[in-house]
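Here the structure comes first, spelled out in structure tokens, and everything after it is commentary.
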Amino acid sequence: MVLATTDLAQAWDRAWPAFALVAGLLLLGLVAERGGLFAWTGDRLGRVPGPPVALAVAVFAVLAAVTAVLNLDTAVVFVTPIAIRAVRRRGLDPRPVAYAALVMVNASSLLLPGANLTNLIVQGADPIGGARWLVEVAPAGLAAAVVSGAVLLAMDRGAWRADGGAVAGEDEAHAGRPDALAVAATLLACGLILALTEPALPVLALGVVTAGLWVARGRLRAGDAVRAVGPAVLLALLALVVALGWLARRWSAPGDLVADAGPLATAAIAAATSVVVNNLPASALLTAGAPAHPEALLVGLNLGPNLFVTGSLAAWLWWRTCAAAGVDVTLRGVVARGAPAALLALPAAVLLLPS
């Protein structure tokens, strides 16, 4: 009984900071959206000069940046619509950029620790902090994002060759400057993630205080803040991850798969497991022991969801967002782009990990 209780406590200690950090980032993402930061960014995207391919590259860069600073779920929900509007204003087919949104947020989620829950769960026992992350893991994340972006541009090259021209009725008014508090809170969150080894509670506090100020001023409804966090979903996921972390400590088979595997094999096992059981449960099952190559494990867990939509909950959010924007996406379309991008980006990212 004592051993079982200890295993449960260890699983809890490893999991809860990840969910606290993500809750804070989701609140800050809502503040950024209501503060006009994403509208301002979308306005700038719509005015990117040059051929359509320049717009595509700019959209990919914004997706990567928002994923790194405010989490991939925030990027999927708030950046996908503005990217779709930007390409529609140029008279372009919105489907390629919609597919690219999901592929790019997964590929970019290695850039900073808070970009993906899996990063935080895997690093839970031994967090390395944002500054060290930039040196040891971010180069692999940059490689994954660049390779994935190149694959997307190549696969949809026909869509980015000719500019359709501005569409009548789509020339929206220019967005004003974003709210200073929203910008400052976003930058401060990025600074906390980079500076602190364990930024979960400070970022959560920042999100709660910033959202609370907006509620007090009448700029945000408390119900909207609660919905943005989705406490029921987060708590259910936390319970699942803790339960699976406890199970993995009692049943060593999942952890044994990566205990002695090499970097590329570890990444491949993690990618396959993420597709089979989703990357959050996979991160709990595969990290209860001591994987020989935790960074390679992260590469597989983060890029695996691009192989198939079962790999990440972000796919569900993305599907809903595309439907709300009136873009008809298909399973075949996302797999046709995501799978080649993942298969090429995975070894490229592993090669840039520290030996």
Side-chain angles (χ1 to χ4, degrees), residues 3-22 71-73 106-107 109-110 113-128 137 140-141 144 200 233-316 338-339 342-343 346 349-350 353:
L3 181 59
T5 303
T6 301
D7 289 339
L8 187 63
Q10 290 176 347
W12 166 260
D13 288 342
R14 186 170 194 137
W16 76 260
F19 288 85
L21 179 60
V22 167
N71 185 269
L72 82 168
D73 295 332
N106 285 325
S109 62
L110 286 163
N116 199 327
L117 264 172
T118 57
N119 297 341
L120 303 166
I121 293 170
V122 171
Q123 295 287 329
D126 184 26
I128 63 175
V137 184
V233 174
L234 276 188
L235 289 173
L237 288 173
L238 174 58
L240 175 63
V241 170
V242 170
L244 289 173
W246 172 84
L247 175 64
R249 285 166 173 81
R250 309 290 291 173
W251 175 46
S252 62
D256 290 343
L257 290 173
V258 294
D260 299 310
L264 190 57
T266 297
I269 291 168
T273 307
S274 73
V275 170
V276 174
V277 300
N278 188 273
N279 63 356
L280 285 179
S283 65
L285 287 171
L286 296 175
T287 59
H293 301 283
E295 293 84 7
L297 188 71
L298 280 175
V299 169
L301 290 171
N302 290 16
L303 293 178
N306 278 340
L307 293 171
F308 199 71
V309 294
T310 54
S312 172
L313 287 173
W316 177 68
L343 291 172
L346 188 145
V350 170
L353 292 173

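Considering CH2 of W16 and CG of L120, their distance stands at 11.5 Å, rounded to 0.5 Å. Expressed to the nearest 0.5 Å, how far OG of S312 lies from CG of L117 amounts to 9.5 Å. The distance from the CG atom of L264 to the CG atom of L346 is 6.5 Å, given to the nearest 0.5 Å.
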Could you go through L298 and Q123, starting from their C-alpha distance and side-chain angles, then the distance that decides it, and tell me whether this counts as side-chain contact (heavy atoms from CB on, under 4.5 Å)? CA-CA 9 Å; L298 280 175; Q123 295 287 329; 3.9 Å; yes

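In this structure, N119 and V137 have side chains that are not in contact, with every pair of non-hydrogen atoms separated by 4.5 Å or more. In this structure, the side chains of T273 and V277 come closer than 4.5 Å at one or more pairs of heavy atoms. Looking at heavy atoms from C-beta onward, L343 lies in side-chain contact with L307 at the 4.5 angstrom threshold.
When all heavy atoms are compared, the tightest approach of P281 to L240 is CG-CD2, 4.0 Å. In terms of heavy-atom proximity, D73 sits nearest to A314 at OD1-CB, 3.7 Å. Looking at every heavy atom in both residues, F308 comes nearest to V275 through CB-CG1, 3.9 Å. Considering all non-hydrogen atoms of both residues, A107 and A144 come closest at O-CB, 3.6 Å. Considering all non-hydrogen atoms of both residues, N278 and T310 come closest at ND2-O, 3.3 Å. Closest approach of A270 to L286, counting heavy atoms only: CA-CD1, 4.0 Å.
Remark: of the listed residues N116, N279, N302, N306, N306 is the sole one forming a side chain to side chain donor-acceptor pair (under 3.5 Å) with N106.
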